[in-house]
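In what follows, a single structure is set out as structure tokens and then discussed.
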Amino acid sequence: MSDSMGSRQSSPRLESKLRLVSCGESPPQLTFFLAIREAEKIHPARRSRIYESMRSTTEFVLSDAVAVLTRTPATLDALLRGMPELWARRNEGRSKEGRSDPAKDTWSAFDIMGHLIVGERTDWMARARIILEHGEARPFDPFDRFAQVKESQGKSLEQLLDEFARLRKANLAALQALNLQPEDLPRRGRHPELGVVTLSELLATWAAHDLTHLHQLSRVMAHQYRDAVGPWSAYLGVLKCNGHSE
């Protein structure tokens, strides 16, 4: 690759990504990698100004959070519906502490779905309303992170997927009906353990919570093949993850 500043060799990794395009494939990162290639043609002094204009990854924008929240039910449905028992019901075994309480053992895909449903019923929108109606005067009700053990009994994974999709759709409609304005996002509530939190932090956590459990789900499922992959385990980071949620 060359420009007025002289020649520059693009990285082999970038070239491999671009070769996928010529083979008819369209990787999700395509736009990103093409942007990198274009940026390589720009003088460094100008390049820095481009990055300065990009939005910070720590800035909360409600529509960005909703983009994640809207897609989670379909993502889970595509991954889990009709899956064999291996993927749906097995977990990662007992914790390192050897706990024997079923409510505190590691979770399966079935358990994760139950937990997400409890959150839709009792957490996100319920707490948003408390902030808007009571502020810090009324603390949030404590959240039972293990309520799914009882509430999911007797249900199939397909029923949980349907229930989660229904609840999420209703909650997103309720969120839209609030017609939140920028001045609402800094409004404060009180978490029973964390203390003062803002509405924007709650809504950001709602989206990040989805992503946390999608991460957990991939880890739990990959764990079932931890031995079957043999020496390739050296290359599979998901098998080395110690976990960031129950």
Side-chain angles (χ1 to χ4, degrees), residues 28-29 65 68-124 127 140-168 171 191-194 201-202 204-246:
Q29 305 96 329
V68 172
L69 295 170
T70 302
R71 288 162 172 77
T72 302
T75 300
L76 292 166
D77 194 89
L79 181 60
L80 296 176
R81 188 173 295 274
M83 288 293 263
E85 195 82 352
L86 166 69
W87 306 116
R89 295 279 186 163
R90 293 192 187 178
N91 59 24
E92 296 168 285
R94 293 274 175 86
S95 71
K96 293 179 180 179
E97 295 80 17
R99 296 176 302 192
S100 59
D101 183 351
K104 296 182 180 179
D105 283 345
T106 56
W107 291 357
S108 65
F110 184 86
D111 299 322
I112 293 168
M113 286 306 309
H115 172 76
L116 290 170
I117 287 169
V118 174
E120 291 302 301
R121 286 179 174 164
T122 68
D123 195 332
W124 313 110
R127 290 179 171 185
F140 301 153
D141 297 329
F143 178 70
D144 185 352
R145 296 176 59 249
F146 304 107
Q148 69 273 9
V149 175
K150 181 178 180 180
E151 294 191 14
S152 298
Q153 285 182 355
K155 297 179 181 178
S156 67
L157 181 58
E158 283 68 27
Q159 287 175 313
L160 296 185
L161 288 165
D162 290 340
E163 187 174 3
F164 176 68
R166 177 179 58 79
L167 290 170
R168 175 58 60 86
N171 277 336
H191 189 281
E193 296 179 3
L194 303 176
E201 290 170 340
L202 172 71
T205 302
W206 190 5
H209 182 262
D210 276 15
L211 297 171
T212 292
H213 287 291
L214 286 167
H215 167 92
Q216 180 191 20
L217 183 61
S218 68
R219 189 189 76 228
V220 171
M221 294 175 73
H223 179 80
Q224 309 312 316
Y225 272 180
R226 66 194 182 283
D227 297 323
V229 298
W232 272 285
S233 63
Y235 296 154
L236 301 173
V238 68
L239 299 178
K240 299 176 178 63
C241 179
N242 291 324
H244 308 291
S245 55
E246 289 294 330

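Everything numeric in this text was worked out from a predicted model, so none of it was measured. Positions are given from 1, in the same order as the sequence printed here.
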Check against side-chain contact (heavy atoms from CB on, under 4.5 Å), Leu69 and Asn171:
CA-CA 10 Å; Leu69 295 170; Asn171 277 336; over 6 Å; no
In Å and rounded to the nearest 0.5 Å, what is the OG1 to CZ distance from Thr72 to Phe164?
5.5 Å
Hey, what do you get for CG (Leu239) to CZ (Arg219), rounding to the nearest 0.5 Å?
11.5 Å
Would you give the length of the straight line joining atom CD of Glu158 to atom CE of Met83, rounded to the nearest 0.5 angstrom?
11.0 Å
Reported CG-to-CG distance for the pair Asp77 and Asp162, which is rounded to 0.5 angstrom
7.0 Å
Hey, is the main chain of Gly119 close enough, under 3.5 Å, to the side chain of Thr122 for a donor-acceptor pair?
no
Below 4.5 Å, heavy atoms only, C-beta onward: do Glu163 and Glu120 meet side chain to side chain?
no
Apply side-chain contact (heavy atoms from CB on, under 4.5 Å) to residues Leu157 and Met113 and explain how you reach the verdict.
CA-CA 8 Å; Leu157 181 58; Met113 286 306 309; 3.8 Å; yes
Minimum heavy-atom separation for Thr70 and Pro73, please, with both atom names.
O-CD, 3.6 Å
For Ala109 against Leu80, the heavy-atom pair lying closest together
CB-CD2, 3.9 Å
With Arg71, which residues qualify under side chain to side chain donor-acceptor pair (under 3.5 Å), at least two apart?
none
Return the minimal non-hydrogen interatomic distance between Ser152 and Gly114, and the atom names on each side.
OG-CA, 3.5 Å
Taking the side chain as C-beta and beyond, is there a heavy-atom pair between Leu86 and Tyr225 under 4.5 Å?
yes
Whether over 12 other heavy atoms sit under 6.0 Å from Lys150 NZ:
no
Is the closest side-chain heavy-atom distance between Val118 and Phe146 below 4.5 Å?
no
From Leu76 atom CG to Leu214 atom CG, the distance as rounded to the nearest 0.5 Å:
5.0 Å
Taking Arg90 for its side chain and Val220 for its backbone only, find out whether a donor-acceptor pair lies under 3.5 Å.
no
Please find the pair of heavy atoms, one from Pro192 and one from Pro142, that lie closest to each other, and give the distance.
CG-CA, 4.2 Å
Looking only at heavy atoms, what is the nearest atom pair of Ala222 and Val238, with distance?
CB-CG1, 3.5 Å
Residues 204-218 vs salt bridge (charged side-chain N to carboxylate O under 4.0 Å, His left out), sequence neighbours excluded, gives Arg168-Asp210
Is any side-chain heavy atom of Gln148 less than 4.5 Å from a side-chain heavy atom of Ile117?
no
Nearest-0.5 Å distance that lies between atom CZ in Phe110 and atom CG in Leu161
10.0 Å
Shortest non-hydrogen contact between Trp87 and Gln224, atoms and distance
CZ3-CB, 4.1 Å
Between Arg226 and His223, is a side-chain contact (heavy atoms from CB on, under 4.5 Å) present by the stated rule, with each step listed?
CA-CA 5 Å; Arg226 66 194 182 283; His223 179 80; 3.3 Å; yes
Among all residues two or more places apart in sequence or in another chain, which pass the ring pair (Phe, Tyr, Trp, His ring centres under 6.0 Å) test with His209?
His115, Trp124, His213
